[in-house]
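Heads up, the thing below is written out as structure tokens.
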Amino acid sequence: MPQISNKGVSMPESPIRKLVPFAENAYKQGKTVYHLNIGQPDIKTPQIAMDAVRENSLDILAYSRSEGSEVYRQKIAKYYAKNDIHVKHDDIIVTTGGSEALLFAFGSVMDTNDEVIIPEPFYANYNGFSTASGVKVIPVISKIEDNFALPPIEEFEKLITPKTKAILICNPGNPTGYLYSEEEIKKLANIVKKHDLFLIADEVYREFAYDGATHRSILQEEGLEDYAIVIDSVSKRYSMCGARIGCLVSKNKEVITTALKFAQARLSPPTLAQIASEAALDTPQSYFDDVIVEYVKRRNVLIEELNKIEGVQVAKPKGAFYCIAQLPIKDSDAFAKWLLESFDVDGETVMVAPAAGFYSTPGVGLNQIRIAYVLNTEKLIKAVHIIKEALKVYKD
Ligand SMILES: Cc1ncc(COP(=O)(O)O)c(C=O)c1O
């Protein structure tokens with residue numbers, strides 16, 4: 001039989017999706033499963049975006065320009081200006097989700113065997129994108145005791161080698177919920193300038209900043225124009241994960257010209273979804289205000305309930321809609337499977353994401369889970385109750 005590639009063999013499984021067959025078995029047994037495992041918000045997509053799709057009268061669903069429709073990019077630039085981020089439409093390439101923007105960024109700035117430093121735990125698919133690009137992830141550990149704040153900058157400095165091409169951050173963080181301060185962003189800006197590295201910031205959760213905090217984009221840093229690459233997406237902002245629209249933003253012309261070649265190779269981002277995403281940009285501020293109120297309510301309930309369980313440690317998120325919880329267990333992978341296969345409270349159980357997949361250092365995060373608070377507070381309370389009861393009887 002012909003052999004598949006070594007790269008294919010090393011592609012990691014998604015820690016979020018790999019438990020799906022176990023959840024399906026749980027459904028077959030008639031159980032209700034509360035999904036705390038995946039960042040699929042239950043928030044409604046803005047009506048204006050749905051209407052734009054329903055009401056459009058296109059005769060041909062044609063390709064768009066590889067960099068995305070110009071009108072849409074002009075509107076994205078205005079959206080950024082409203083957020084005090086000043087870019088032009090030709091600093092933007094529209095992509096098939098933030099996922100493709102990450103692939104384009106990796107492809108544009110890193111060669112095979114180059115290294116990217118990422119504070120861990122990090123969004124698990126960074127592992128997959130790195131493997132697909134032949135790039136090596138060099139993790140720098142951020143700790144639950146520090147709420148997953150930026151590790152000391154000296155820790156980054158120690159890891160820089162001639163192969164290092166970029167530092168990648170996620171702000172606010174998935175899975176940590178940590179929101180980097182302006183001071184932390186400045187530290188990163190200084191180190192990338194000093195060592196001539198790119199700073200890639202995944203800012204797909206920009207709107208989700210809580211407790212009065214404001215998000216600081218790397219594109220707001222003066223002097224970082226040649227170094228900064230932002231990854232963005234409509235998926236979470238407008239609860240439009242299925243639209244598959246994101247973008248890559250950089251003021252570095254060489255980055256844009258290079259990323260555009262990757263964009264040309266895949267021809268075009270989805271046309272219909274660009275129409276929806278363009279319309280979504282007119283979403284009234286009240287939509288976001290309501291969404292933020294809802295997520296803060298959920299976060300508060302979740303953290304309060306988790307803190308009531310003996311032996312559980314949790315970092316309070318300041319943004320996004322995830323948190324990492326440390327449990328009094330040895331192996332959260334086995335625990336997550338067991339919850340689906342062998343445990344329920346009155347026919348109900350939960351699906352969580354084992355956190356080890358969000359680390360690239362082997363053996364770290366084994367006793368942690370990631371919880372996405374994408375369910376309403378009533379369901380969250382039930383789900384945490386199930387975890388509490390489960391921990392009383394679970395044996396590693
Ligand atoms: C941090 C982060 N970046 C990027 C993505 C990719 O999102 P999409 O490809 O849907 O835009 C996700 C999705 O969950 C994410 O959490």
Side-chain angles (χ1 to χ4, degrees), residues 12 14-18 20 35-43 45 49 68 72 76 79 92-107 116 118-130 132-133 137 139 142 148 166-180 199-209 215 217-218 229-249 259 262-263 266 269-270 273-274 276-277 280-281 295 317-324 353 355 357-360 370-374:
S14 159
I16 306 159
R17 291 177 181 257
K18 71 180 182 186
V20 169
H35 285 268
L36 300 177
N37 59 305
I38 194 155
Q40 169 59 60
D42 61 343
I43 304 286
T45 305
Y72 177 39
I76 302 177
Y79 153 83
I92 301 168
I93 292 184
V94 178
T95 53
T96 307
S99 305
E100 193 180 57
L102 280 157
L103 276 170
F104 288 179
F106 278 33
V116 55
I118 317 181
E120 66 176 359
F122 52 73
Y123 174 50
N125 283 330
Y126 295 161
N127 277 326
F129 299 134
S130 305
S133 310
V137 171
S142 67
F148 298 109
I167 293 176
L168 168 60
I169 57 163
C170 183
N171 187 32
N174 171 10
T176 62
Y178 189 79
L179 183 73
Y180 291 119
L199 180 58
I200 307 172
D202 182 336
E203 300 186 354
V204 306
Y205 295 97
R206 175 178 308 111
E207 270 73 16
F208 303 90
H215 175 263
S217 172
I218 59 165
I229 304 175
V230 159
I231 306 300
D232 213 338
S233 170
V234 304
S235 291
K236 317 291 162 158
R237 180 167 308 139
Y238 307 111
S239 195
M240 280 174 65
C241 296
R244 310 307 307 129
I245 291 288
C247 63
L248 178 149
V249 191
F262 286 87
R266 64 77 165 109
Q274 282 183 82
S277 304
L281 283 165
Y295 276 119
K318 299 191 214 168
F321 36 72
Y322 306 96
C323 77
I324 292 275
F358 297 90
Y359 289 84
S360 75
R370 185 197 71 168
I371 295 177
Y373 42 101
V374 289

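The model shown is predicted, which means the values in this text are computed figures rather than measured ones. First listed ligand is number 1; within each ligand, the first listed atom is number 1.
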Can you sort out the partners of Ile38 under side chain to side chain contact (heavy atoms under 4.5 Å, CB included), two or more places apart, ordered by chain and number?
Ile16, Arg17, Gln40

Quick one: do Lys236 and Glu207 satisfy salt bridge (charged side-chain N to carboxylate O under 4.0 Å, His left out)? Show the steps, please.
CA-CA 9 Å; Lys236 317 291 162 158; Glu207 270 73 16; over 6 Å; no

Please list, chain by chain and in numerical order, all residues satisfying side chain to side chain donor-acceptor pair (under 3.5 Å) with Asn127, sequence neighbours excluded.
none

Out of Tyr205, Phe208, Phe122, Phe148, which residue meets the ring pair (Phe, Tyr, Trp, His ring centres under 6.0 Å) rule with Tyr322?
Tyr205

Residues passing the side chain to side chain contact (heavy atoms under 4.5 Å, CB included) test with Cys323, sequence neighbours excluded, are Leu302, Ile303, Leu306, Val314, Pro317, Ile371

Taking the six-membered ring for Trp, is the centroid-to-centroid distance between Tyr123 and Tyr126 below 6.0 Å?
yes

N/O to N/O under 3.5 Å, ligand 1 against protein:
unit_1: ligand 1; atom_1: 3 (N); unit_2: Asp202; atom_2: OD1; d: 3.4
unit_1: ligand 1; atom_1: 3 (N); unit_2: Asp202; atom_2: OD2; d: 2.6
unit_1: ligand 1; atom_1: 9 (O); unit_2: Gly98; atom_2: N; d: 3.3
unit_1: ligand 1; atom_1: 9 (O); unit_2: Ser99; atom_2: N; d: 3.0
unit_1: ligand 1; atom_1: 9 (O); unit_2: Ser99; atom_2: OG; d: 2.5
unit_1: ligand 1; atom_1: 9 (O); unit_2: Arg244; atom_2: NH2; d: 2.8
unit_1: ligand 1; atom_1: 10 (O); unit_2: Ser235; atom_2: OG; d: 2.7
unit_1: ligand 1; atom_1: 10 (O); unit_2: Arg244; atom_2: NH1; d: 2.7
unit_1: ligand 1; atom_1: 11 (O); unit_2: Gly98; atom_2: N; d: 2.6
unit_1: ligand 1; atom_1: 11 (O); unit_2: Ser233; atom_2: OG; d: 2.5
unit_1: ligand 1; atom_1: 11 (O); unit_2: Ser235; atom_2: OG; d: 3.2
unit_1: ligand 1; atom_1: 14 (O); unit_2: Lys236; atom_2: NZ; d: 2.9
unit_1: ligand 1; atom_1: 16 (O); unit_2: Asn174; atom_2: ND2; d: 2.8
unit_1: ligand 1; atom_1: 16 (O); unit_2: Tyr205; atom_2: OH; d: 2.7

